[in-house]
Amino acid sequence: MTGRKFFVGGNWKLNGDKKSIEELANTLNKAKLNPDTDVVCGAPSIYLDFARSKLNPNIEVAAQNCYKVAKGAFTGEISPVMIKDCGVKWVILGHSERRHVFGESNELIGQKVAHALESGLGVIACIGEKLDEREAGITEKVVFAQTKFIADNVKDWSKVVLAYEPVWAIGTGKTASPQQAQEVHDKLRQWMKANVSEAVASSVRIIYGGSVTGGTCKELASQKDVDGFLVGGASLKPEFIDIINAKA
């Protein structure tokens, strides 16, 4: 065993309403979830409080994004201190949709990571290459560059989970093969060893995201360096329970 606790995050994205969130919470609350797995649900910011109130305490909640300062004239943004005030302990930062739909830079994501960690939130930090980048053979170059901007802003790695999400596999139904996922996770660990420390490289959890389903999760979970998942669409369905229990 690696000693790294399995971690499954559900990213609800721009989905859900009070009725469906309550139904999903009831399903998760009644389910027999593997106690050796950390479970975190990423709710839309407007429902953070509601999701936290409906989910059992053994299921954590994450915001899907936050800004790099505590307060101020930043219309439409939310801050780590507000997230914590809702009883929420995690935030997802650098998701490919934030990068590629909303144009967030590596630098901004790094600043957000620094502020979220300083504020006491746990961070699920996302990295991943687009299809043209993988086809051009620059996967490592892209993910290492993204990881560097994150790593430069982390003092305490115990509060960070790295989520490798090949952009070409998100919401497309294409999943990286277990071997492709393992290969990148292994390379990321080697990068961490060379650029951060051996201790962090062996302890940091690197989770996989990109069209993970109840059908693909077990084989992915069996890979040596895959420490869990960040799940999109399937996290809104009962099969999320099968994914949480992939290691059970």
Side-chain angles (χ1 to χ4, degrees), residues 4-5 7-11 13 38 40-45 48 60-72 74 76-86 88-129 140-167 170 184-185 187-189 191-197 199-209 227-230 232:
R4 296 189 296 268
K5 191 175 182 186
F7 184 105
V8 177
N11 179 8
K13 306 191 182 184
D38 284 332
V40 180
C41 291
S45 58
L48 285 172
E60 294 289 357
V61 177
Q64 297 175 11
N65 190 29
C66 67
Y67 200 49
K68 61 180 180 179
V69 294
K71 59 181 183 185
F74 303 102
E77 289 289 344
I78 61 170
S79 71
V81 73
M82 293 171 176
I83 292 166
K84 285 178 69 184
D85 196 35
C86 292
V88 171
K89 296 178 183 170
W90 288 89
V91 63
I92 301 167
L93 290 173
H95 190 279
S96 67
E97 289 151 8
R98 298 306 315 174
R99 294 175 187 272
H100 303 305
V101 180
F102 299 102
E104 292 189 8
S105 66
N106 277 336
E107 185 181 23
L108 175 61
I109 291 160
Q111 291 166 339
K112 289 181 174 192
V113 167
H115 181 63
L117 290 170
E118 282 158 15
S119 307
L121 281 180
V123 172
I124 302 166
C126 304
I127 53 180
E129 82 284 7
E140 284 170 50
K141 185 180 164 208
V142 172
V143 296
F144 292 168
Q146 292 170 343
T147 306
K148 183 172 176 8
F149 274 93
I150 293 162
D152 286 350
N153 287 286
V154 176
K155 294 188 183 78
D156 177 7
W157 281 94
S158 69
K159 304 281 295 231
V160 179
V161 173
L162 271 183
Y164 168 60
E165 297 201 297
V167 182
I170 298 175
V184 177
H185 284 225
K187 297 260 174 63
L188 278 165
R189 233 178 264 293
W191 186 93
M192 299 291 285
K193 190 173 167 181
N195 294 277
V196 183
S197 76
V200 167
S202 64
S203 66
V204 71
R205 292 179 287 186
I206 306 177
I207 64 176
Y208 170 77
D227 303 314
F229 305 114
L230 186 56

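Numbers here simply count residues along the sequence, with the first being 1. What's counted below: heavy atoms across the whole structure, side chains too, no hydrogens, waters or symmetry copies.
- Residues meeting the ring-ring contact (aromatic ring centres under 6.0 Å, His included) test with W90, sequence neighbours left out: F7.
- Judged as a ring-ring contact (aromatic ring centres under 6.0 Å, His included), and not counting sequence neighbours, the contacts of F229 are F6.
- Residues passing the side chain to side chain donor-acceptor pair (under 3.5 Å) test with Q111, sequence neighbours excluded: K68.
- Scanning for side-chain contact (heavy atoms from CB on, under 4.5 Å) contacts around T147 gives I127, L162, L188, W191, M192, with sequence neighbours left out.
- No side-chain heavy atom of V61 sits under 4.5 Å from any side-chain heavy atom of V40.
- Rounded to the nearest 0.5 Å, atoms NZ (K84) and CG (L48) are 14.5 Å apart.
- The minimum heavy-atom distance linking V204 with A201 is given by the pair CG1-O, 4.1 Å.
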Check step by step if side chain to side chain contact (heavy atoms under 4.5 Å, CB included) holds for D38 and R205. CA-CA 11 Å; D38 284 332; R205 292 179 287 186; 2.7 Å; yes
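- With contacts defined as side-chain heavy-atom distances shorter than 4.5 Å, the pair R189/I206 qualifies.
- Applying the salt bridge (Lys or Arg N to Asp or Glu O under 4.0 Å) rule to K141 yields no partners; only residues at least two apart in sequence or on another chain are considered.
- In this structure the side chain of S45 never reaches within 4.5 angstrom of the side chain of Q64, judged on heavy atoms.
- With sequence neighbours left out, the side chain to side chain donor-acceptor pair (under 3.5 Å) criterion links S158 to D156.
- Evaluation of the salt bridge (Lys or Arg N to Asp or Glu O under 4.0 Å) rule for E104 yields R98, K112 as partners, not counting sequence neighbours.
- Residues G94 and I109 come closest through the heavy atom pair CA-CD1, 3.6 Å.
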Using residues 113-124 as the side-chain source, report each donor-acceptor pair under 3.5 Å to any protein atom, sequence neighbours left out, with the distance given to one decimal.
residue, atom, partner, partner atom, Å
H115, NE2, A70, N, 3.3
S119, OG, H115, O, 2.7

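- How far CD of E97 is from CD1 of I170: 6.5 Å, rounded to the nearest 0.5 Å.
- Residues passing the side-chain contact (heavy atoms from CB on, under 4.5 Å) test with F149, sequence neighbours excluded: N106, E107.
- The side-chain contact (heavy atoms from CB on, under 4.5 Å) check on S197 picks up A199, V200, with sequence neighbours excluded.
- Under the side chain to side chain donor-acceptor pair (under 3.5 Å) criterion, E60 pairs with no residue, sequence neighbours left out.
- Between H185 and Y208, the angle of the ring planes lies from 30° to 60°, which puts this pair in the tilted group.
- Scanning for side chain to side chain donor-acceptor pair (under 3.5 Å) contacts around K89 gives an empty result, with sequence neighbours left out.
- Side-chain contact check for I92 versus C126: some heavy-atom pair is nearer than 4.5 Å.
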